[in-house]
Enquirer: 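Below is the structure I would like to discuss, written out as structure tokens.
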Amino acid sequence: MLGAKDVIRTPSLWLTKDKSGFFARFSGNWSTDAGIHEPDNGLLLNKWYHIAYTLSDPEKRLDIYIDGEWFEFCSILKVKEQNVVFNDGPLYVGRSFSYKGFNGEISNFRYFNWRLSAEEVMEDFFNESQKKPIVYGSKIAFVHVSTRKYLSTKGIKYDLGPNNEQYMVICSGQEINLENDVWTVIGASGKNINEGDLISLNNIISFKHQATGCYLNSHDTSYERVTPISQQQQVTLCSDRGSDDDWLVRRYNSTTSYDTGHLMSGDIIGLFHISTNKQALYSHSVLLGDRSQEVSCYGDGSEKNNRWRIELIN
């Protein structure tokens, strides 16, 4: 439970008795008690949760995340008239100014002086104690950060000629499919690596699709080799090994453009295709006929649709 005074509730997060439902509240110039009312389901007893509360007056919204996932939000409706009233009083953790608190435990409490983005909340959830290194030979999956769908295939082939059959890469469901969504991290074409070695960021690597044995591939747009709807650079699964399978991996950082170090499970990354001038792996909510999501190479990595979370499977 956070907050200073009864009439100034910015920020405050209150747990209800017995049910452990929570009220995320703040004060505004129109109400001292605005925000999110108790959700339908409370938190389970004897279980740890990662809870993030973000609030912005310029963006006129409060967001709540549980275990890194966006859970609920509250928006200020009259954006020109209504403002958040911030609080310079004492900050109480585990109790309030007039209540003794609750019977439970709080750990790793952090207070930021900026509003965390959804990507930063997820990154905070996958903190260093939870992260595991991704090494050559690791089985991994990619989650598109904006739409939360997994990089996948459904076995549909692009028509690239009689002797050049390549599978279309898509984004599918928000629940992992262990048959179609799993990839193995391998070295770049022509490079010898040792399985189990750490992978340095800003390094060139490749990915082999577990189910098909094909490689994550892209190529230029000559001869109208483009995605079916957006007409962007195709991303495919190709059985032939070559430089079109090589990708530069970078990790996004909240303070600098790209980070240094080693690749870890939970990292928010960009993948840049080497042989087509580092076009970035991209997806968006454009849907194909089977309701799967189009995947392409597009842009320089600066858009939110270029961001992927890498997850360790094994």
Side-chain angles (χ1 to χ4, degrees), residues 132-191 193 195-197 199 204-219 225 227-229 232-249 263-267 269-275 280-284 286-297 307-314:
K132 294 182 179 179
I134 289 177
V135 300
Y136 288 109
S138 288
K139 300 290 191 295
I140 57 96
F142 296 105
V143 182
H144 190 237
V145 171
S146 293
T147 60
R148 303 179 188 176
K149 292 186 177 182
Y150 282 86
L151 191 71
S152 186
T153 187
K154 289 186 176 179
I156 300 171
K157 294 180 179 179
Y158 278 113
D159 184 9
L160 302 177
N163 299 317
N164 188 11
E165 292 186 339
Q166 299 183 29
Y167 295 104
M168 182 185 297
V169 173
I170 58 170
C171 278
S172 191
Q174 294 184 342
E175 298 291 332
I176 190 169
N177 180 319
L178 291 176
E179 180 179 357
N180 292 324
D181 302 351
V182 179
W183 309 77
T184 303
V185 185
I186 60 177
S189 60
K191 181 180 179 181
I193 53 93
E195 283 203 7
D197 282 355
I199 298 169
I204 298 173
I205 57 179
S206 297
F207 304 94
K208 187 175 183 179
H209 188 245
Q210 179 173 266
T212 63
C214 296
Y215 304 95
L216 184 65
N217 176 283
S218 189
H219 40 250
R225 297 186 300 177
T227 56
I229 297 178
Q232 294 171 352
Q233 184 174 312
Q234 292 175 351
V235 177
T236 67
L237 290 174
C238 182
S239 59
D240 295 331
R241 192 79 169 96
S243 60
D244 281 347
D245 309 331
D246 292 344
W247 302 82
L248 175 71
V249 58
L263 188 61
M264 307 289 284
S265 180
D267 281 347
I269 64 169
L271 291 176
F272 300 83
H273 192 241
I274 294 300
S275 65
L281 188 66
Y282 181 92
S283 189
H284 46 189
V286 173
L287 298 179
L288 303 171
D290 62 355
R291 310 299 294 173
S292 58
Q293 193 169 288
E294 192 176 66
V295 172
S296 64
C297 277
R307 298 190 173 205
W308 303 81
R309 186 175 74 251
I310 188 167
E311 294 182 351
L312 184 65
I313 302 303
N314 55 339

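As the structure is a prediction and not an experimental result, all values here were calculated from the model.
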Enquirer: Is there side-chain contact between Gln293 and Ile170, with at least one heavy-atom pair below 4.5 Å?
Expert: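 The answer is no; the side chains never approach within 4.5 Å.
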Enquirer: If you compare all heavy atoms of Met168 against all heavy atoms of Thr153, which two are closest, and at what distance to 0.1 Å?
Expert: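 Closest pair (atom of Met168, atom of Thr153, distance): O-OG1, 2.9 Å.
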Enquirer: Between Trp247 (side chain only) and Leu216 (backbone N and O only), is there a donor and an acceptor less than 3.5 Å apart?
Expert: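 At least one qualifying donor-acceptor pair exists.
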Enquirer: Is any side-chain heavy atom of Phe207 closer than 4.5 Å to one of Ile140?
Expert: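 Sidechains of Phe207 and Ile140: in contact.
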Enquirer: Work out which heavy atom in Leu178 is nearest to a heavy atom in Gln210; give both atom names and the distance.
Expert: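 Leu178 and Gln210 have their closest heavy atoms at O-NE2, 3.7 Å.
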Enquirer: Got a donor-acceptor contact below 3.5 angstrom from the Ser172 side chain to the Ser292 backbone?
Expert: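 No, the answer is negative, given that no donor and acceptor are paired below the 3.5 Å cut-off.
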Enquirer: Could you state the interatomic distance from CG (Asp267) to CZ (Arg307), rounded to the nearest 0.5 Å?
Expert: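 Spacing of CG (Asp267) from CZ (Arg307) equals 12.5 Å.
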Enquirer: Does the side chain to side chain contact (heavy atoms under 4.5 Å, CB included) test come out yes or no for Tyr158 and Thr227, once each step is laid out?
Expert: CA-CA 9 Å; Tyr158 278 113; Thr227 56; 3.8 Å; yes
Enquirer: Within the side chain of Gln174, is there an N or O that forms a donor-acceptor pair under 3.5 Å with the backbone of Thr147?
Expert: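 Answer holds: yes.
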Enquirer: Which heavy atom in Trp183 sits nearest to a heavy atom in Ala141, and how many Å separate them?
Expert: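 Residues Trp183 and Ala141, closest heavy atoms: CD1-CA, 4.4 Å.
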Enquirer: Side chains of Asp181 and Ser152: any donor to acceptor distance under 3.5 Å?
Expert: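 Per modelled atom types, Ser152 and Asp181 side chains form a pair under 3.5 Å.
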Enquirer: Report the distance from atom OG of Ser206 to atom CD1 of Ile193, rounding to the nearest 0.5 Å.
Expert: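 Atom-to-atom, Ser206:OG and Ile193:CD1 are 10.0 Å apart.
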Enquirer: Check the side chains of His284 and Glu294 for a donor-acceptor pair under 3.5 angstrom, ignoring hydrogens and angles.
Expert: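 On atom types as modelled, these side chains qualify, holding a pair under 3.5 Å.
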Enquirer: Would you indicate whether the side-chain heavy atoms of Thr184 and Tyr215 approach each other to under 4.5 Å?
Expert: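 No. Closest side-chain heavy atoms not under 4.5 Å.
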Enquirer: Please round to the nearest 0.5 Å and tell me the distance separating atom OH of Tyr282 and atom OG of Ser218.
Expert: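 Tyr282 atom OH to Ser218 atom OG measures 14.5 Å (nearest 0.5 Å).
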Enquirer: Does a side-chain heavy-atom distance below 4.5 Å link Thr236 with His219?
Expert: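 A side-chain contact under 4.5 Å exists here.
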Enquirer: About how many Å separate CD1 of Ile269 and CZ of Phe142, when rounded to the nearest 0.5 Å?
Expert: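 Spacing of CZ (Phe142) from CD1 (Ile269) equals 5.0 Å.
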Enquirer: Do Val249 and Ile310 touch side chain to side chain, with heavy atoms closer than 4.5 Å?
Expert: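 With C-beta onward as the side chain, the pair stays apart.
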Enquirer: So, taking the atom named CD1 in Ile186 and the one named CD1 in Ile199, what distance separates them when rounded to the nearest 0.5 Å?
Expert: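 The CD1 atom of Ile186 sits 10.5 Å away from the CD1 atom of Ile199.
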Enquirer: Would the distance check show the side chain of Ser265 and the main-chain N or O of Lys132 forming a donor-acceptor pair, the cut-off being under 3.5 Å?
Expert: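 Not at all, since once roles are kept as given, no pair shorter than 3.5 Å links the two residues.
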Enquirer: At their closest point, which heavy atom of Arg241 faces which heavy atom of Gly187, and how far apart are they?
Expert: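 For Arg241 and Gly187, the tightest heavy-atom pair comes out as NH2-O, 2.6 Å.
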Enquirer: Which distance, rounded to the nearest 0.5 Å, do you find between the CD1 of Ile205 and the NZ of Lys191?
Expert: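 If I round to the nearest 0.5 Å, the distance is 9.0 Å.
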Enquirer: Does a side-chain heavy-atom distance below 4.5 Å link Trp308 with Leu271?
Expert: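 Answer no - side chains too far apart.
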Enquirer: Where do His273 and Asp244 land on the side chain to side chain contact (heavy atoms under 4.5 Å, CB included) test, with the steps shown first?
Expert: CA-CA 8 Å; His273 192 241; Asp244 281 347; 4.2 Å; yes
Enquirer: For Val235 and Ser296, which heavy atoms make the closest approach, and how far apart are they?
Expert: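 The pair with the smallest heavy-atom distance is CG2-C, 3.4 Å.
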Enquirer: Check whether His144 reaches the backbone of Leu151 with its side chain - one donor and one acceptor, N or O, closer than 3.5 Å.
Expert: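 Absent.
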Enquirer: Please tell me if the side chains of Val135 and Asp197 come closer than 4.5 Å, counting only heavy atoms from C-beta onward.
Expert: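 Side chain of Val135 against side chain of Asp197, heavy atoms only: no contact under 4.5 Å found.
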Enquirer: So, the side chain of Ser138 versus the backbone of Val185: is there a donor-acceptor pair under 3.5 Å, distance only?
Expert: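 Here the side-chain-to-backbone pair does not exist.
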Enquirer: Give a yes or no answer on whether the side chain of Asp246 reaches the backbone of Ser189 with a donor-acceptor pair at less than 3.5 Å.
Expert: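 Indeed, once roles are kept as given, a pair shorter than 3.5 Å links the two residues.
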